[in-house]
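Heads up, the thing below is written out as structure tokens.
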Amino acid sequence: MLQKLVNQRLDELNYDKKIFHHGLQIIIHDGIGFICVLTQSILFHNFLFGIIYILVFSHLHIHAGGYHAPTKLQCFFVYNSLFFFFMLTQDSIIFTYFANCILTGISSLFILRYAPVQHIYSPLSQIEKYKNKDILQISLFFSLLFYIILLVL
């Protein structure tokens, strides 16, 4: 019944059903990924880290591009596996604030060198490339500054 109502409304508005369904798939896919990350963060007793991961990773992914898995299922597993790895290592002696600051600096240099990475089906114009690069420079600067402040405190 819901699908019938949606299709009827799409017909009335002259929207392309394929685009709508693609958008809905993205919303559902990302929503399930976010729920899984938040569930893991609750299980690890660090909900705030899950929220920060979602915000930072999503922001970087939008502006930097990056790895694109061949399937949505592989994308889901890479996204959640990265978070699981971060959760396992966050309390490790090896990953102190100082180490995080160094890793953030190295990854920032790598991102600034190669970003934005274009997806074959979503090319960027020159203006979009420059805009994304500027946003990344500002974001990465504040990220590194945040770690340095935490290191000093």
Side-chain angles (χ1 to χ4, degrees), residues 2-3 6 15-151:
L2 181 60
Q3 186 172 0
V6 169
Y15 285 153
D16 187 352
K17 290 180 186 178
K18 288 181 183 179
I19 293 172
F20 179 79
H21 287 285
H22 177 70
L24 192 56
Q25 279 182 332
I26 291 171
I27 290 169
I28 291 170
H29 176 266
D30 289 351
I32 291 171
F34 294 163
I35 289 169
C36 287
V37 163
L38 293 176
T39 301
Q40 289 178 64
S41 65
I42 289 169
L43 293 174
F44 278 97
H45 306 290
N46 200 342
F47 187 74
L48 182 61
F49 189 77
I51 298 290
I52 292 170
Y53 176 83
I54 289 171
L55 294 174
V56 170
F57 189 88
S58 299
H59 177 75
L60 280 177
H61 188 68
I62 288 169
H63 297 291
Y67 173 73
H68 291 278
T71 67
K72 290 192 184 305
L73 186 60
Q74 287 175 337
C75 176
F76 173 82
F77 282 116
V78 167
Y79 179 75
N80 280 280
S81 297
L82 280 172
F83 180 74
F84 186 73
F85 172 75
F86 290 138
M87 290 304 294
L88 287 178
T89 60
Q90 78 169 5
D91 292 329
S92 172
I93 295 171
I94 301 169
F95 287 95
T96 61
Y97 280 123
F98 182 70
N100 279 332
C101 187
I102 290 172
L103 289 174
T104 300
I106 292 169
S107 62
S108 295
L109 291 173
F110 186 80
I111 289 170
L112 289 174
R113 169 70 174 97
Y114 294 105
V117 176
Q118 293 193 68
H119 189 272
I120 190 171
Y121 298 117
S122 182
L124 298 172
S125 69
Q126 280 302 111
I127 294 172
E128 290 172 318
K129 286 180 190 176
Y130 289 128
K131 181 181 173 187
N132 284 345
K133 191 82 152 183
D134 290 344
I135 291 170
L136 283 170
Q137 288 172 344
I138 293 167
S139 301
L140 293 172
F141 171 78
F142 281 111
S143 173
L144 192 56
L145 184 65
F146 174 74
Y147 274 116
I148 291 170
I149 290 170
L150 285 178
L151 183 64

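For this chain, numbers begin at 1 and follow the sequence in order. Predicted model only: the values in this text are computed from it and were never measured.
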* To do: Report the residues that fulfil side chain to side chain donor-acceptor pair (under 3.5 Å) with Ser41, sequence neighbours left out, ordered by chain and then residue number.
  =>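 Residues passing side chain to side chain donor-acceptor pair (under 3.5 Å) with Ser41: none at all.
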
First locate atom [atom1] of [X], then atom [atom2] of [Y], and finally report the distance between them rounded to the nearest 0.5 Å.
X: Ile42; Y: Gln40; atom1: CD1; atom2: CD; value: 11.0 Å
X: Phe44; Y: Phe86; atom1: CZ; atom2: CZ; value: 13.0 Å
X: Gln137; Y: Asn132; atom1: CD; atom2: CG; value: 11.5 Å
X: Asp134; Y: Lys131; atom1: CG; atom2: NZ; value: 10.0 Å
X: Leu73; Y: Phe77; atom1: CG; atom2: CZ; value: 4.5 Å

With a cut-off of 3.5 Å and sequence neighbours excluded, list every side-chain donor-acceptor pair involving residues 48-57.
| residue | atom | partner | partner atom | Å |
| --- | --- | --- | --- | --- |
| Tyr53 | OH | Tyr79 | O | 3.0 |

* Asked: How far apart are the C-alpha atoms of Leu140 and Leu109, what are their side-chain angles, what is the distance that settles it, and do they pass the side chain to side chain contact (heavy atoms under 4.5 Å, CB included) test?
  -> CA-CA 9 Å; Leu140 293 172; Leu109 291 173; over 6 Å; no

* To do: Mind listing the closest non-hydrogen atom pair of Lys133 and Ala115 along with its distance?
  =>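 Lys133 and Ala115 have their closest heavy atoms at NZ-O, 2.9 Å.
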
* Would you find more than 12 non-hydrogen atoms of other residues, nucleotides or ligands less than 6.0 Å from Phe76 atom CZ? ->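 Yes, the 6.0 Å shell around CZ holds more than 12 heavy atoms from other groups.
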
